[in-house]
Amino acid sequence: MADMSKIGKEYPAIRWEVERGKIREMAAAIGDSNPIYRDKAAALKEGYKDTPITPTYLTVPAMGGGNMLTLVGDLGINVAMVLHGEEEYEFLGDIYPGDVITGTCRILNIEEKTTRKGSKMDLVTTEVLYKNQRGEDVARARTVIVERK
């Protein structure tokens, strides 16, 4: 069982420089052929100030920054039993190449659920608030991690 005493815990912030190449890689990985993620001129033509991040780009700093592995270890979760439950993004501002975003992760909730078949699982809900280099809130990412028993 995930350590319930960790509800509300905040983890050290991760810092991530948004790179144009990573935006292109993410667009390719999710199969999004929209040229705004690959070509600055196409993005400008559509009214953006630069190449915007893809809708699920925030997975890159979450995984690349190492915070998720730290969190899973700290909670005592068995990685072999983990499923991705849910991901939700709320964009509060624009994020472009060259921006440096800082994300602070906190445990919102941990709950045990029982499936219809009687199996137990823990649901761990986390939230990362991202700020840009000017200290402005630019995004919030919520994740549900499922640990099967």
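Contact of the V18 side chain with the I23 side chain is registered, since non-hydrogen atoms from C-beta on lie closer than 4.5 Å. The closest side-chain heavy-atom distance from P52 to I95 is not below 4.5 Å. Counting heavy atoms from C-beta outward, T115 and M121 have side chains that approach closer than 4.5 Å. Residues W16 and V60 have side chains in contact (heavy-atom distance under 4.5 Å, counting atoms from C-beta outward). When side chains are defined from C-beta on, V124 counts as touching I77, because their heavy atoms get closer than 4.5 Å. The shortest side-chain heavy-atom distance between Y11 and I107 falls under the 4.5 Å cut-off. Side-chain contact check for V146 versus H84: every heavy-atom pair is 4.5 Å or farther apart.
Y130 and V100 are members of different hydrophobic clusters when ILVMFWY side chains are connected at heavy-atom separations under 4.5 Å. I110 and V82 fall within a single hydrophobic cluster, where Ile, Leu, Val, Met, Phe, Trp and Tyr are joined by side-chain heavy atoms under 4.5 Å apart, directly or via other members. L58 and V144 fall into different hydrophobic clusters, where Ile, Leu, Val, Met, Phe, Trp and Tyr side chains are chained together by heavy-atom contacts under 4.5 Å. No single ILVMFWY cluster, assembled from side-chain heavy atoms under 4.5 Å apart, contains both Y96 and L92. Placement of M81 and V79 in two distinct hydrophobic clusters is found when ILVMFWY residues are connected by side-chain heavy-atom separations under 4.5 Å, directly or transitively.
Closest heavy-atom contact between T51 and A43: CA-CB, 3.9 Å. Scanning both residues, Y57 and E17, for their nearest heavy atoms gives OH-O, 4.4 Å. Closest approach of A42 and I36 over heavy atoms only: O-CG2, 3.8 Å.
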Checking K131 against E136 for the salt bridge (Lys or Arg N to Asp or Glu O under 4.0 Å) test, could you report, in this order, the C-alpha distance in whole Å, the side-chain angles of both residues, the deciding distance, and whether it holds?
CA-CA 5 Å; K131 293 182 178 285; E136 302 163 335; over 6 Å; no
Taking it one step at a time, do E87 and T56 satisfy side chain to side chain contact (heavy atoms under 4.5 Å, CB included)?
CA-CA 9 Å; E87 196 80 22; T56 57; over 6 Å; no
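When hydrophobic residues (I, L, V, M, F, W, Y) are linked wherever their side-chain heavy atoms come within less than 4.5 Å, L44 remains an isolated member.
Rounding to the nearest 0.5 Å places CD1 of I14 at 7.0 Å from CD1 of I101. A distance of 13.5 Å separates CD1 of I53 from CD of E19, quoted to the nearest 0.5 Å. Summarising the geometry, atom CG belonging to N109 is positioned 5.0 Å from atom CD1 belonging to I7; distances are rounded to the nearest 0.5 Å. To the nearest 0.5 Å, atom CZ of residue R106 and atom CG of residue L71 are 12.5 Å apart. To the nearest 0.5 Å, atom CG of residue L123 and atom CD of residue E111 are 5.5 Å apart. Between the OG atom in S119 and the NZ atom in K149 there is a gap of 11.5 Å [rounded to 0.5 Å].
Side chains of T59 and Y89: a donor-acceptor N/O pair is present below 3.5 angstrom, by distance only. Counted by atom type alone, E147 and N78 present zero donor-acceptor pairs between their side chains at under 3.5 Å. Judged purely by distance below 3.5 Å, without hydrogens or angles, the side chains of T102 and R15 never pair a donor atom with an acceptor atom.
Taking E25 as the reference, K22 meet the salt bridge (charged side-chain N to carboxylate O under 4.0 Å, His left out) condition, with sequence neighbours excluded.
With T114 contributing its side chain and G118 its backbone, the two residues share no donor-acceptor pair below 3.5 Å. Between the N132 side chain and the R134 main chain, a donor and an acceptor come within less than 3.5 Å of each other.
Sorted by first and then second residue, the side chain to side chain donor-acceptor pair (under 3.5 Å) pairs involving residues 26-49 (not counting sequence neighbours) form an empty list.
In this structure, K113 does not pair ionically with D122, as no charged nitrogen and carboxylate oxygen lie closer than 4.0 Å. Here K9 pairs with D74 in a salt bridge; the nearest charged N to carboxylate O distance falls below 4.0 Å. Between E90 and R142, at least one side-chain N (NZ, or NE/NH1/NH2) sits under 4.0 Å from a carboxylate O, which counts as a salt bridge.
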